[in-house]
There are 2 protein chains.
Amino acid sequence: MKPDAVDKIVHQWQQEIPGLATDAMATLGRLKRCSVLYQPLLDAVFSRFELTSWEFDVLATLRRAGAPYSLTPTALFSALMVTSGTMTHRLKSLESRGWIIRESNAQDARQKRVRLTEAGFARIDKALPEHIANMEAMLQGLNRQQRAKLDEALTGLLAIFEQIHADSPGLSRGLSDKTHRL
Amino acid sequence: MKPDAVDKIVHQWQQEIPGLATDAMATLGRLKRCSVLYQPLLDAVFSRFELTSWEFDVLATLRRAGAPYSLTPTALFSALMVTSGTMTHRLKSLESRGWIIRESNAQDARQKRVRLTEAGFARIDKALPEHIANMEAMLQGLNRQQRAKLDEALTGLLAIFEQIHADSPGLSRGLSDKTHRL
DNA sequence: TTATTTTATCTTGAATTCAAGATAATTTAT
DNA sequence: ATAAATTATCTTGAATTCAAGATAAAATAA
């Protein structure tokens, strides 16, 4: 196989510092590089629906929550792993676009409820099939067994990171919001 | 195994839209989630050396290039997958911190050369062993075979993304810089 | 009841990034 | 030799994000 970008980095390090423990660096470097290269491929589809990636994420989170397609800001920023301040900005923008509305909660006046509008629902349901197709297309280069192994490996890795996060939530962004300690 | 965050998302989608093709979404969702949870774990170590993640990345790229630890801004922003403008900001900041200097190139006056200072070299060489140890520790939860499978799977995925990028560089950020078409 | 603590959201200011375009040097074409 | 195209870097302005803290409501304690 042709050396990839990470192979070249590892080779450089070995030249400079022979014997350096580069195995973990290589694997996690590939993880990082995959996610950097992958994001614009998603954006290419979202932009066809005049959506950004984060707009899609918020709408999709509300959509899959099921009727009445309504969540609190806290539920949203927790699910999306961003801070509360980020979510405030996002909701303001999405509301101005007419895709969500923010309603007061009679039971608990501290809470707002964020609800998908009909326009928001229509938008996400139009974009979703193409988003799904896009992701499926990306993995077309892998056969069934390779895909299974990839998912299995990432499942194991995610379990590690979720465990670390459960043990020390302060190490994770977003969820470390002052008042949101899981 | 206990369901992870992605299992829950997939389950929600299946409830709302039975039969939706969620396999690729699940795998790539795990990829994304891993990289989001992973970054703050790196930052925790970098911060002990008064470094941010991107500062480490620039210094490390220069360090592993070997003596005289000098690269052009274009080589740096290409390697780090950011735009030229981003690199200008980074270099300005790193220069003010005394970790790099920018020199003119007599051969080609368009080029500058970015060179690691002694202070920059010392800083990266002090942080590197702990960064390596940190990454190794993250993967301690996997046995030798699991680590091999993870790396193999990510290598295959990265090959896909590098191929897509090679075919249509416009889909990748940073490298789509006007004058930098690989 | 009143005070304290906790919970939920929002505001502010700084940092980082990108896209687009400006500037200037070099190379290529005519 | 001159013009045009290319290359390399930097500048600007807008978007996004976070950390810290402000605000206000609800729950708990005294």
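Computed over heavy atoms, backbone and side chain alike; hydrogens, waters and symmetry mates excluded. Lettering follows sequence order; numbering is per chain, from 1.
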- Message: B:Glu162: which residues meet the salt bridge (charged side-chain N to carboxylate O under 4.0 Å, His left out) condition with it, sequence neighbours left out?
- Response: none
- Message: Tell me every residue that passes salt bridge (charged side-chain N to carboxylate O under 4.0 Å, His left out) with B:Arg123, counting only those two or more places apart in sequence or in another chain.
- Response: B:Glu50
- Query: What residues form a side-chain contact (heavy atoms from CB on, under 4.5 Å) with B:Glu130, not counting sequence neighbours?
  - Reply: B:Val45, B:Arg48, B:Phe49
- Query: With sequence neighbours left out, what residues match A:Ala137 under side-chain contact (heavy atoms from CB on, under 4.5 Å)?
  - Reply: none
- Task: To the nearest Å, give me how far apart CD (B:Gln39) and P (C:dT16) are.
- Result: 13 Å
- Message: Within the structure provided, determine whether A:Gln39 and A:Ser53 are in side-chain contact (heavy-atom separation under 4.5 Å).
- Response: yes
Throw together a table of side-chain donor-acceptor distances under 3.5 angstrom for residues 85-94 of chain A, partners on residues two or more places apart or in other chains.
unit_1	atom_1	unit_2	atom_2	d
A:Thr86	OG1	A:Thr83	OG1	3.0
A:Thr88	OG1	A:Ser84	O	3.1

- Message: Once you apply a heavy-atom cut-off of 4.0 Å, does B:Arg113 come out as touching a base, just sugar-phosphate, or nothing?
- Response: nothing
- State which residues pass side-chain contact (heavy atoms from CB on, under 4.5 Å) with B:Ser70; sequence neighbours excluded, sorted by chain then number. B:Pro68, B:Arg113, B:Arg115
- Message: What residues from residues 88-100 of chain B pass a heavy-atom cutoff of under 4.0 Å to DNA chain D?
- Response: B:Thr88, B:His89, B:Lys92
- By salt bridge (charged side-chain N to carboxylate O under 4.0 Å, His left out), A:Arg64 pairs with (sequence neighbours left out) none
- Message: Which residues pass the salt bridge (charged side-chain N to carboxylate O under 4.0 Å, His left out) test with A:Asp151, not counting sequence neighbours?
- Response: B:Arg30
- Hey, can you pull the residues of residues 47-63 of chain A with a non-hydrogen atom under 4.0 angstrom from DNA chain C? none
- Is there a side-chain contact between A:Val6 and A:Val10, using heavy atoms and a 4.5 Å cut-off? yes
- Query: Taking only residues two or more places apart in sequence or in another chain, which ones pass side-chain contact (heavy atoms from CB on, under 4.5 Å) with B:Glu152?
  - Reply: none
- Query: Does a nitrogen or oxygen in the side chain of B:Thr86 sit under 4.0 Å from OP1 or OP2 of C:dC18?
  - Reply: yes
Return the polar atom pairs (N/O with N/O) between nucleotides 23-26 of chain C and the protein under 3.5 Å, or none.
unit_1	atom_1	unit_2	atom_2	d
C:dT26	OP1	B:Ala109	N	3.1

- Atom-pair distance (CG on A:Leu80; P on D:dC18), nearest Å: 11 Å
- Among the candidates D:dC10, C:dA19, C:dC10, find the nucleotide nearest to the side-chain atoms of A:Lys112. C:dC10
